[in-house]
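I have placed the structure first, in the form of structure tokens, so that the comments after it can refer back to it.
All residue numbers refer to positions in the sequence shown, counting from 1. One-based numbering, in listed order, for ligands and for the atoms of each. Keep in mind the model is a prediction, meaning the values are calculated, not measured.
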Amino acid sequence: MPERTQSLTTGKLSADDLAAVLAPASSAPTGRSLSVAGLRKSYSGTTVVDGVDMEIAAGEFVTFLGSSGSGKTTTLMMLAGFTEPDSGTITVDGRDITQLNPGKRDFGFVFQQYLLFPHMTVEENVAFPLQLRGVAKAEIRRRVGETLEAAGLSKFAGRKPRELSGGQQQRVALCRVLVYRPPIVLMDEPLGALDKKLRDQMQTEIKTIQRELGLTVIYVTHDQEEALVLSDRIAIMKDGRIEQFDTPRGLFEHPRTPFVADFLGSANFLSGTVEESTADGCTPVRLDTGGLLKARAHACAPGQQVRAAVRPGKLRLTGVEESCCTGTVETAVYVGSLTRITVRLDGAAADTPPLRIETAAVPPRVGERVCVSADPEDVSVFDTRDGG
Ligand SMILES: Nc1ncnc2c1ncn2[C@@H]1O[C@H](COP(=O)(O)OP(=O)(O)OP(=O)(O)O)[C@@H](O)[C@H]1O
């Protein structure tokens with residue numbers, strides 16, 4: 001059965017179909033590059049966006065990820081032109097658009113609230129942006145028809161938004177943006193109101209459409225998994241600043257701050273003092289508890305107070321080696337594909353949290369003596385003076 005027929009019979013959006021319908025004749029990416037420099041915003045004397053700088057390439061999928069109140073939406077609203085920055089510049093393909101009103105920017109927007117016009121049918125909603133742009137009636141009919149068909153929404157064309165499910169409404173909202181092929185699409189928690197299963201499905205669809213059309217997408221979420229699935233790069237935001245702007249792998253494997261190490265996934269933090277570097281180029285850290293943990297090469301001097309960070313899945317339970325830390329297993333909980341273990345290191349103060357370890361190997365028993373180590377490449381070191 002051809003894919004399009006399949007998508008219609010299942011009633012699901014076929015991302016490939018939608019991309020094929022909307023793709024421009026040329027194979028060049030439709031997305032534009034975006035550059036942000038020194039973006040700031042305060043409300044009543046409180047700075048909520050504090051000097052955001054970033055370069056986003058044409059066709060890139062970039063996500064702002066951070067906890068509530070970290071300034072994600074305010075930054076997005078400044079890019080959109082709905083919020084005026086106190087200072088800073090925004091350029092698209094080298095053209096300064098900082099003072100341009102939102103309508104003139106020609107960006108596409110998809111929000112958590114679908115913001116469909118309730119008095120208009122699905123068809124009228126999707127046609128609206130083309131009417132605004134003065135597209136000829138016959139062309140509007142053709143494009144709207146094709147877009148709705150590809151999205152598996154043709155049979156709902158005459159319905160009002162209130163007669164659709166949440167997922168269907170969000171698909172209409174997506175169609176309404178993609179129908180006019182904006183060079184940059186801004187999305188603020190667009191899947192936030194959908195249940196987990198639908199969210200997972202729509203993530204894949206959004207990613208396929210973005211990639212195939214070469215759209216530049218800037219996305220806001222506080223859902224880590226969603227950010228990892230969708231993004232080429234993620235900007236981790238904290239207190240109005242970008243803590244790190246990097247690929248998902250870069251953030252996971254080379255976090256530049258303790259906040260990033262702990263925010264994405266989670267990390268064990270161990271205080272210690274740097275010892276003389278060894279011939280293998282690693283940074284040995286003598287933990288306050290007494291054990292030795294080797295970290296990857298890091299610019300720090302012997303005697304420096306640091307915190308070493310290592311993810312639960314990267315700690316190994318081994319026999320006694322030179323660079324390991326001994327301790328006792330406190331808990332071991334089987335959770336399906338792996339076992340979550342906590343280990344109290346010898347010498348650890350009673351009020352320090354135990355080490356968290358995840359292993360797919362046969363787990364030790366509670367009360368068993370173990371030796372904990374890690375590949376130095378998986379151990380990050382942060383200077384305590386930098387909040388580490
Ligand atoms: N119009 C406004 N007037 C006053 N304060 C505001 C305004 N808009 C946002 N803020 C404040 O700015 C800070 C950042 O808000 P913003 O909505 O950008 O955060 P966010 O990271 O998107 O959070 P969330 O995930 O909860 O949406 C918050 O403390 C918020 O209360």
Side-chain angles (χ1 to χ4, degrees), residues 34-54 56 60-90 97-103 105 107-115 166 169-170 173-174 177 184-196 198-200 202-203 206 216-231 233-246 248 251 255-266 387:
L34 186 108
S35 169
V36 178
L39 210 58
R40 287 195 165 72
K41 182 73 187 173
S42 298
Y43 288 111
S44 317
T46 305
T47 303
V48 299
V49 174
D50 191 9
V52 164
D53 300 299
M54 63 200 314
I56 297 171
E60 200 174 11
F61 199 121
V62 164
T63 296
F64 289 113
L65 176 68
S67 45
S68 184
S70 55
K72 308 182 293 294
T73 294
T74 306
T75 304
L76 198 78
M77 289 300 116
M78 288 195 279
L79 300 184
F82 295 130
T83 298
E84 195 183 340
D86 294 340
S87 58
T89 55
I90 304 164
I97 59 150
T98 319
Q99 301 304 326
L100 217 57
N101 72 39
R105 295 184 190 202
F107 293 175
F109 308 103
V110 188
F111 300 101
Q112 181 172 339
Q113 303 79 8
Y114 317 121
L115 303 181
Q169 287 186 54
Q170 193 55 295
L174 202 57
V177 165
I184 295 179
V185 181
L186 308 178
M187 300 193 183
D188 193 352
E189 304 257 9
L191 310 181
L194 307 181
D195 66 40
K196 169 94 176 93
L198 196 51
R199 216 163 55 218
D200 290 350
M202 289 202 62
Q203 281 168 11
I206 287 175
T216 306
V217 173
I218 305 168
Y219 197 95
V220 161
T221 185
H222 61 264
D223 183 326
Q224 289 184 26
E225 195 187 316
E226 186 160 292
L228 293 171
V229 167
L230 291 172
S231 317
R233 286 191 295 165
I234 300 172
I236 305 272
M237 291 204 71
K238 182 189 174 219
D239 301 334
R241 290 172 168 274
I242 295 180
E243 283 273 305
Q244 189 168 342
F245 182 33
D246 210 336
L251 293 168
R256 281 208 290 270
T257 67
F259 177 81
V260 173
D262 203 35
F263 185 78
L264 210 61
S266 68

Evaluate the 4.0 Å heavy atom contact test for atom 9 (C) of ligand 1: does a protein atom fall under the cut-off?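 Yes, there is a protein heavy atom closer to it than 4.0 Å.
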
Can you confirm whether something in the protein, heavy atoms only, sits under 4.0 Å from atom 15 (O) of ligand 1?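 Under the 4.0 Å cut-off, atom 15 (O) of ligand 1 does have protein heavy-atom neighbours.
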
Check: of Asp239, Thr73, Thr221, min heavy-atom distance to atom 22 (O) of ligand 1 comes from Thr73

Of all the heavy-atom pairs spanning Met237 and Ile242, show the shortest one and how long it is. CG-CG1, 4.4 Å

Closest protein heavy atom to [atom], given as residue, atom name and distance to 0.1 Å:
atom                    : result
atom 7 (C) of ligand 1  : Tyr43 CE1, 3.2 Å
atom 25 (O) of ligand 1 : Lys72 NZ, 2.9 Å
atom 23 (O) of ligand 1 : Gly69 N, 2.8 Å

Side-chain polar contacts of residues 39-47 - donor-acceptor pairs under 3.5 angstrom, sequence neighbours left out - could you list them?
from: Lys41; atom 1: NZ; to: Glu84; atom 2: O; distance (Å): 2.8
from: Ser42; atom 1: OG; to: Thr47; atom 2: OG1; distance (Å): 3.4

Assess whether a salt bridge exists between Glu225 and Arg199, defined as any Lys/Arg side-chain N lying under 4.0 Å from an Asp/Glu carboxylate O. no

Salt-bridge contact Glu60-Arg233 (side-chain N to carboxylate O under 4.0 Å): yes

Check each heavy atom of Thr74 against ligand 1 and say whether those closer than 4.0 Å belong to the side chain, the backbone, both or neither.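 Within the 4.0 Å criterion, Thr74 contacts ligand 1 through backbone and side-chain atoms alike.
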
Of all the atoms in ligand 1, which lie at a distance below 4.0 Å from a heavy atom belonging to Gly71?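 This gives 14 (C), 18 (O), 19 (O), 20 (P), 21 (O) as the contact atoms.
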
Numbered atoms of ligand 1 (with element) below 4.0 Å of Ser67, judged on heavy atoms: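 With Ser67 as reference, the close atoms of ligand 1 come out as 21 (O).
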
Do Lys196 and Leu198 have side chains that get closer than 4.5 Å, going by heavy atoms? no

Test item: Val49 and Met78 side chains (from C-beta on) under 4.5 Å apart, heavy atoms: yes

With side-chain contact (heavy atoms from CB on, under 4.5 Å) as the test, would you mind laying out the steps for Leu264 and Ile236 before giving the verdict? CA-CA 9 Å; Leu264 210 61; Ile236 305 272; 4.3 Å; yes

Taking the six-membered ring of Phe64 as reference, does the cationic atom of Lys72 (NZ for Lys, CZ for Arg) lie under 6.0 Å from its centre and within 45° of its axis? no

Can you find an N/O atom of [X] closer than 3.5 Å to an N/O atom of ligand 1?
X      : value
Val48  : no
Glu189 : no
His222 : no
Ser68  : yes

So which of Leu191, Asp200, Ile206 actually passes side-chain contact (heavy atoms from CB on, under 4.5 Å) with Glu226?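 Testing each of Leu191, Asp200, Ile206 against Glu226, the sole residue satisfying side-chain contact (heavy atoms from CB on, under 4.5 Å) is Leu191.
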
Any atom of ligand 1 sitting under 4.0 Å from a heavy atom of Ser44? no

